[in-house]
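Per chain, numbering begins at 1; letters A, B, ... match sequence-line order. Predicted model, so just to flag it, every value in this text is computed and none were measured.
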2 protein chains.
Amino acid sequence: MFDADRVAVIGASETEGSIGRAIMDNLLEDFDGTVIPINPNADSVLGVECYAEIDDAGDVDLAVVAVPARIAVDEVREAAEAGVRNVVVISAGFSETGSEGAARERDLRQIADEYGLNLVGPNCLGILSTPSGLNATFGPTNALPGTLSFLSQSGAFVTAVLDWANDQDIGFKDVVSLGNKAVLNETDFVQTWGDDPDTDVIIGYLESIEDGRAFIDRARAVTQSTPIVLVKSGRTEAGAQAASSHTGAIAGSDAAYDAGLAQAGVLRVDTVQELFDFARALSGQPLPSTRSVGIVSNAGGPGVMTTDAVGDSDLELASFSEPTIDALQESLPDEANVYNPVDVIGDADLERFRRALDIVLDDPGVGAAVVLSAPTAILAYDRLAEMIVDRQAAHGKPIVTCLMGGERTATAEDALRDAGIPNYFDPARAVNSLDALADYDAIRNRTYQEPTTFDVDRDAGAAILQSAAEREDNRMGVEAMELLDAYDIPTPEGTIVETPEAAVEVAEGLGEPVVMKIVSPDILHKSDIGGVKVGVKLADVGDAFEDLVTRARNYQPDATLLGIQVQEQVDLEAGTETIVGMNRDPQFGPLLMFGLGGIFVEILEDTTFRVAPVSEPEAAEMTREIESAPLLQGARGREPVDIDGVVETILRVSQLVTDFPAILELDINPLVALPDRVTAIDVRLTVDTDKL
Amino acid sequence: MFDADRVAVIGASETEGSIGRAIMDNLLEDFDGTVIPINPNADSVLGVECYAEIDDAGDVDLAVVAVPARIAVDEVREAAEAGVRNVVVISAGFSETGSEGAARERDLRQIADEYGLNLVGPNCLGILSTPSGLNATFGPTNALPGTLSFLSQSGAFVTAVLDWANDQDIGFKDVVSLGNKAVLNETDFVQTWGDDPDTDVIIGYLESIEDGRAFIDRARAVTQSTPIVLVKSGRTEAGAQAASSHTGAIAGSDAAYDAGLAQAGVLRVDTVQELFDFARALSGQPLPSTRSVGIVSNAGGPGVMTTDAVGDSDLELASFSEPTIDALQESLPDEANVYNPVDVIGDADLERFRRALDIVLDDPGVGAAVVLSAPTAILAYDRLAEMIVDRQAAHGKPIVTCLMGGERTATAEDALRDAGIPNYFDPARAVNSLDALADYDAIRNRTYQEPTTFDVDRDAGAAILQSAAEREDNRMGVEAMELLDAYDIPTPEGTIVETPEAAVEVAEGLGEPVVMKIVSPDILHKSDIGGVKVGVKLADVGDAFEDLVTRARNYQPDATLLGIQVQEQVDLEAGTETIVGMNRDPQFGPLLMFGLGGIFVEILEDTTFRVAPVSEPEAAEMTREIESAPLLQGARGREPVDIDGVVETILRVSQLVTDFPAILELDINPLVALPDRVTAIDVRLTVDTDKL
């Protein structure tokens, strides 16, 4: 599509202000290939021979459709029949406008399926590819050539970005306005650009991801070699509502997007500024070998600000080696600071600056450098920039700069930019860019592990879920503990019994005290009717059985009573209550949640998420990244809990919810983590019985 | 100082590259007043008559000292003797260079005291005031006139900012480089500019505050009418270390700065970008009457991003009134979105944009607006800007804009800037600026309350602290509970007794069970030696007494044993453990801390701080702003605790630590908050016995 040589414009026009005219103008301006206007009412458009039908136009690599929606579908079919395989539908009036438009969009999708079309849009600004000068958009601005490829779910944002980027000397390889994503979506372009040697960084603005799982799988592979930086808007509740009314997409939870994008290795940013700051650093600079940053400055104050910014980031201030400090001491005046941040002081000339920077970059512990300068009489920014470009190339370590000032920085900034070195007035932005490099380095270096799978009794699990369908109840409580058993997720020892005698026998085996519970699919809030007894002594087990049965009967005479569960009583005080949960996200599917029980989840919202299925390292990360993780690890003189057991439970739940798409929601709450084992005390789940 | 008419330059020179030359050049360029060079070795400097001594120079309003440090002190004395009252000491070589320099700086301070000098520096860039064109700095750049006054603890940062600000059309009223702050410091300038009708906003870069309490008191008054925006660097551990090595100031805790600056009504920002974004909005825009924001956009995507930014901020998306929605519906095409964010869609002309903006600003619930536009063929940014300026003036509500693009925004941006309306490419920055306006509005509207004082037994408190001095031990434990009694901070009922019989009698009065503890200043970790017994039944009180005494004797035969404390046993399960603490900060003095006990403070670091003394609203805020506050308020079916009791305890502790500067640290841990009362179960404190 981006390499197209012969491009047809269906709806080409000379009418000022029309979209067909704008596209023709854009294509005729720079395109190396052939532009073919299609319009039954014209013999030529802007001096180019025009065809009535695409069938007459010979070979066409790409058709751009800019006719009204009501005839656009037919035009696409004709193009497909004429053998065109790449189509960009600019026309609006599809799913964004109501049911009639949605029907048209279904037709489009069907034609695309039938003919195997690569179709962008509808309702989009078009596409752009700078190597051939292809500008198949109706926007007012062409892109400068460059190595960023850019996808956007907002056409207006493309227009705004191109105009701004030209001013900032930011260039692009390919650009696509995704529109309604009837056929091609973000996943397709991520894959295409991942294979494109001329794309250094993929950036994008998205309001939704069509198929979260597919996106994760593709993007994970791509991000091993090509960084992806995305704004996914609709992060906040109000934003999600606005995005949903804008695109008509059902909003998935932002937690799912956050988890999914992280698992895919995507650098997710919140603001437009970060999007381009990160893109600029990633396209111009090598990756750092460590997270330790050296700062070289001729000004104390900005040096301190930069140090703060490093403290705010995931980077760290490099501790220089002895030889580095000795060398700095030898090369700098007494008043200079030879510890990080290095202050070469205000009267530093170019040579002193260069020596200090060389020494700092020579330190093997230093992964990257920030060079700062305030304006001084002795130092010309142009020469400073030249020196920095030279030293960056010599050392091969990433550098960002703050040559602070106004007009005097202009040509220096140009020189730095040409060498891929971003220059900012604000040290925080400079450091943030280095942070992005280090984050991407970590992504590139991670080794993907397949999700762990265990040998489980899947058939037993299926049977238990089936019982819900038979009862016509989509909620399951304690009766689903057997589902956990089927997947070898540890539960308290115990059995469901039907007689007091059996209850006593089971209790004898477990050792007193025991827990006894009503088991009935019809009684959900068992505790409320006294349907759960804890700390039952052996002598009281028989009476407890009768009492529970009576309570169940009194509460709801027609309730199905499956029996009474007699269970070992786990000493909650000796353990830490955790929660392993899942809910199914419309875009990403099963979203696992982990957190500590009670107030930690409910009040402090100290939780973490991953899209299932997860691998062992991912599950282990979940147990480490919550704020209350120290409580699992044995803070304040506690005994550490069986974290391996927690991790294994997460993995088994991951497998369970992946095996059964019918499970809509599941919560093991609490999963008690003891020093030597874990035990699921209670489970609730919701089942989509139609999917069984 | 800033109004000086006759300015002497001591050390004026014609030597290229010298500081005396740079200052002369700067002064001669724009200054409306008289410049008087002082140099015994010249008859004239740059064509201006030069005097050998300041005494010969007639009336001088301001002396700028740019001679080497070793003679600078004498020059300042001569100037003072000649009647000069305002002095700026540019010269370096004072406390920043070691003990000799520090001695010089003490001399300077002494002279300033003796003669009542207003002295800036030493080791600074100088001062600047645009109304008279006074540029008494040796920097390369003069400032544009404006309404920001700017103080900076880094001279290099002043140089960088002026150069950059000129490029950005940001102007200043006064600028001061504070240098070593031997005499005048941030508090003095904040006060001066607070009284200056030509200063709209005070901005600053600080690495330390000399006297935190004085700063709070002055700045609190100033911020009632003039906003203050500050970067206080050294926020992070590494940054604090860097700042400390840069300025030589002892680093106070950042929590103290954060609390103190907030109490002073200062808007503290982290980055240079925010410093100027906030300053620009505050100097150009009215304050919003509500925190609700209306968004008017011709582009859906950027509208969603802006909505996200509102969600990230402390602002909220306005819910339009029915009449607003009706009016928008009537005035906009069907495809438009009439709910917030309003999307006037891409084909909107100026008139449609204007109508929508008018309707939104007419809604009484809308406090401020963000206007967004992507480049479109139909809309010229210059005319859009003109319209926005006009409507802003008509409605008197704050507006920020994102006219997105590059060069095409240039003249529109100038027009907006002239009207005080900031324009950003990134919606997040635009929204952040509105947030600053709303924050400042809240500061301006807050009513300062005097710290609450209670009728307490201060003499009894003094006597208890004195006992620590007599014991030559600066740590106090349970024996300090009486200090709490003296300040009517509730403690468990109980008495220290010396016989088993007395113990039984007290226990009978309290009701069983009771808590019994060894009371000895020499035994700090009583629990470790079994020196605390809880749940003691009445029948066991006598034996427990004997046992505790034996344990104390066995542990340390020569320990002073003050007796055994017999106490009511507070039911911890029925309450919530909180901590009220204090430590003394080198800059701000007594820093109060509040948080929930145990893991909340120790692992989750869920704490809040205020500089004492605090008022009732401040103490109440502390109990509300911790993350775990819902636990006090009765989350998850708990009974709410006696929050008034917690607040009163904070206030009484505030009074106690303010009354006794000898208390270096104090922790009431736990203060158990029950539904109907609070009780301090234990206290520890450290006393500076020299200050008693």
query: Checking B/Ala238 against chain A: side chain, backbone, both or neither under 4.5 Å from a heavy atom?
result: both

query: Counting heavy-atom pairs under 4.5 Å to chain A, which of B/Glu605, B/Gln273, B/Glu335, B/Glu627 comes out on top?
result: B/Gln273

query: Which bit of B/Thr306 is near chain A, if near means a heavy-atom gap under 4.5 Å: side chain, backbone, both or neither?
result: neither

task: Output the distance between atom CG (B/Leu317) and atom CD (A/Glu237), rounded to the nearest 0.5 Å.
output: 11.0 Å

field: B/Phe600 side chain reached by A/Leu604 side chain, heavy atoms, under 4.5 Å
entry: yes

Residue A/Thr141 versus chain B: region with a heavy atom under 4.5 Å: side chain

query: Looking at A/Pro427, A/Ala629, A/Gly239, which has the largest count of heavy-atom pairs under 4.5 Å with chain B?
result: A/Gly239

query: In terms of heavy-atom pairs under 4.5 Å with chain A, which of B/Ser233, B/Gly98, B/Gly405, B/Gly346 leads?
result: B/Gly405

- line: When rounded to the nearest 0.5 Å, the distance separating CG of A/Asp163 from OG1 of B/Thr409 is 7.5 Å

field: Toward chain A, the part of B/Pro375 with a non-hydrogen atom under 4.5 Å
entry: both

- line: Output for pair (B/Asp308 CG, A/Arg235 CZ), nearest 0.5 Å, gives 4.5 Å

query: Side chain, backbone, both or neither: which part of B/Val161 has an atom under 4.5 Å from a heavy atom of chain A?
result: both

Validation row: A/Arg408, B/Pro140 side chains within 4.5 angstrom (heavy atoms): yes

- prompt: So does A/Glu407 have more than 12 non-hydrogen atoms from other groups sitting under 6.0 Å from CD?
  reply: no

query: Yes or no on side-chain contact (heavy atoms from CB on, under 4.5 Å) for A/Val304 and B/Tyr205, after CA distance, side-chain angles and deciding distance?
result: CA-CA 11 Å; A/Val304 177; B/Tyr205 168 75; 3.8 Å; yes

statement: Separation between CZ (A/Phe157) and CG (B/Leu372), nearest 0.5 Å, reads 11.5 Å

- request: For A/Asp312 and B/Thr236, run side-chain contact (heavy atoms from CB on, under 4.5 Å): C-alpha distance rounded to whole Å, both residues' side-chain angles, the deciding distance at 0.1 Å, then the answer.
  value: CA-CA 7 Å; A/Asp312 287 338; B/Thr236 61; 3.7 Å; yes

message: So which residue, B/Ala156, B/Gly155, B/Ala374, B/Ala160, ends up with the most heavy-atom pairs under 4.5 Å with chain A?
response: B/Ala160

